[in-house]
Amino acid sequence: MNDVIVQDNSEIEVSESEAIHLPDIQFVNYCFQTYGLNRGIYNTIDQWFYSIGYRDITSRRSQTIHFLKDIQQKHGRDRSSTLRFGKGGLTKQLYDFVHLPKPVFMYS
């Protein structure tokens, strides 16, 4: 899936795999447009992943996208809604994302 990023009044299409290589402000813009993420939440997520060992920027950004997709799927959010976390909710969601096992779906 390609997403549109607005840059200097022009739009460029960016895939998820390309997004992790964007300059910082464009990556934040991508996250806002795609997942309803604001700069403050992005900074918290980025710092949290860095503090648990994701030192490489592309691996942190990849984890950020996986985390945001997970939140979006769990809560059925669409692109038009902004992500909101209650007090301590973001940290709990990050902890659960990293430490809790992912469900395995069996197909018959």
Side-chain angles (χ1 to χ4, degrees):
M1 170 203 297
N2 286 340
D3 289 299
V4 175
I5 302 298
V6 177
Q7 174 188 359
D8 301 328
N9 297 325
S10 62
E11 295 180 351
I12 56 173
E13 284 192 27
V14 177
S15 69
E16 183 181 300
S17 61
E18 294 170 319
I20 64 172
H21 299 289
L22 290 170
D24 193 49
I25 190 67
Q26 288 176 312
F27 181 73
V28 172
N29 194 24
Y30 168 85
C31 291
F32 175 75
Q33 291 176 3
T34 307
Y35 303 104
L37 180 71
N38 69 36
R39 180 73 186 206
I41 293 173
Y42 166 76
N43 288 340
T44 301
I45 293 169
D46 190 50
Q47 177 62 49
W48 198 88
F49 281 128
Y50 182 86
S51 71
I52 65 163
Y54 288 94
R55 302 290 190 225
D56 178 67
I57 187 77
T58 56
S59 64
R60 279 199 317 276
R61 287 180 173 185
S62 180
Q63 284 293 56
T64 297
I65 289 172
H66 291 307
F67 170 71
L68 294 171
K69 282 174 130 178
D70 187 60
I71 292 296
Q72 193 175 53
Q73 289 173 350
K74 283 181 184 174
H75 300 288
R77 300 211 185 275
D78 61 19
R79 290 173 181 237
S80 63
S81 64
T82 302
L83 286 177
R84 299 198 192 286
F85 299 90
K87 183 174 172 75
L90 177 56
T91 303
K92 181 187 178 334
Q93 292 288 331
L94 284 163
Y95 181 88
D96 290 350
F97 175 76
V98 170
H99 292 87
L100 294 181
K102 307 295 183 261
V104 177
F105 297 100
M106 302 295 287
Y107 297 98
S108 43

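All of these numbers come straight from a predicted model, not from anything done at the bench.
The OG1 atom of Thr34 sits 8.0 Å away from the CD atom of Gln72 when rounded to the nearest 0.5 Å. The CG atom of Leu37 lies 8.0 Å from the OG1 atom of Thr64; values are rounded to the nearest 0.5 Å. Thr58 contributes atom OG1, which lies 9.0 Å from atom CZ of Arg60 (distance to the nearest 0.5 angstrom). In this structure, the separation between CD on Glu16 and NE2 on His66 is 6.5 Å, given to the nearest 0.5 Å. Going from atom CD1 of Ile57 over to atom CZ of Phe49 covers 12.0 Å, rounded to the nearest 0.5 Å. Atom CD1 in Ile52 sits 10.5 Å away from atom OH in Tyr95 (nearest 0.5 Å).
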Begin with the C-alpha distance, continue with both residues' side-chain angles, and end with the deciding distance and a verdict on side chain to side chain contact (heavy atoms under 4.5 Å, CB included) for Phe32 and Arg39.
CA-CA 8 Å; Phe32 175 75; Arg39 180 73 186 206; over 6 Å; no
Trace of the side chain to side chain contact (heavy atoms under 4.5 Å, CB included) decision for Arg61 with Asp24
CA-CA 10 Å; Arg61 287 180 173 185; Asp24 193 49; 3.4 Å; yes
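Lys69 places a side-chain heavy atom less than 4.5 Å from the side chain of Tyr35. Two residues are said to be in side-chain contact when any heavy atoms from C-beta on lie closer than 4.5 Å; Leu22 and Asn29 fail this criterion. Residues Ile65 and Tyr30 meet the side-chain proximity criterion, which asks for heavy atoms closer than 4.5 Å.
A distance below 6.0 Å separates the ring centres of Phe27 and Tyr42.
In this structure, Ser59 contributes its side chain and Arg55 its backbone to no donor-acceptor pair below 3.5 Å.
Taking hydrophobic clusters as Ile, Leu, Val, Met, Phe, Trp and Tyr residues chained together by side-chain heavy-atom distances below 4.5 Å, Tyr50 does not share a cluster with Trp48.
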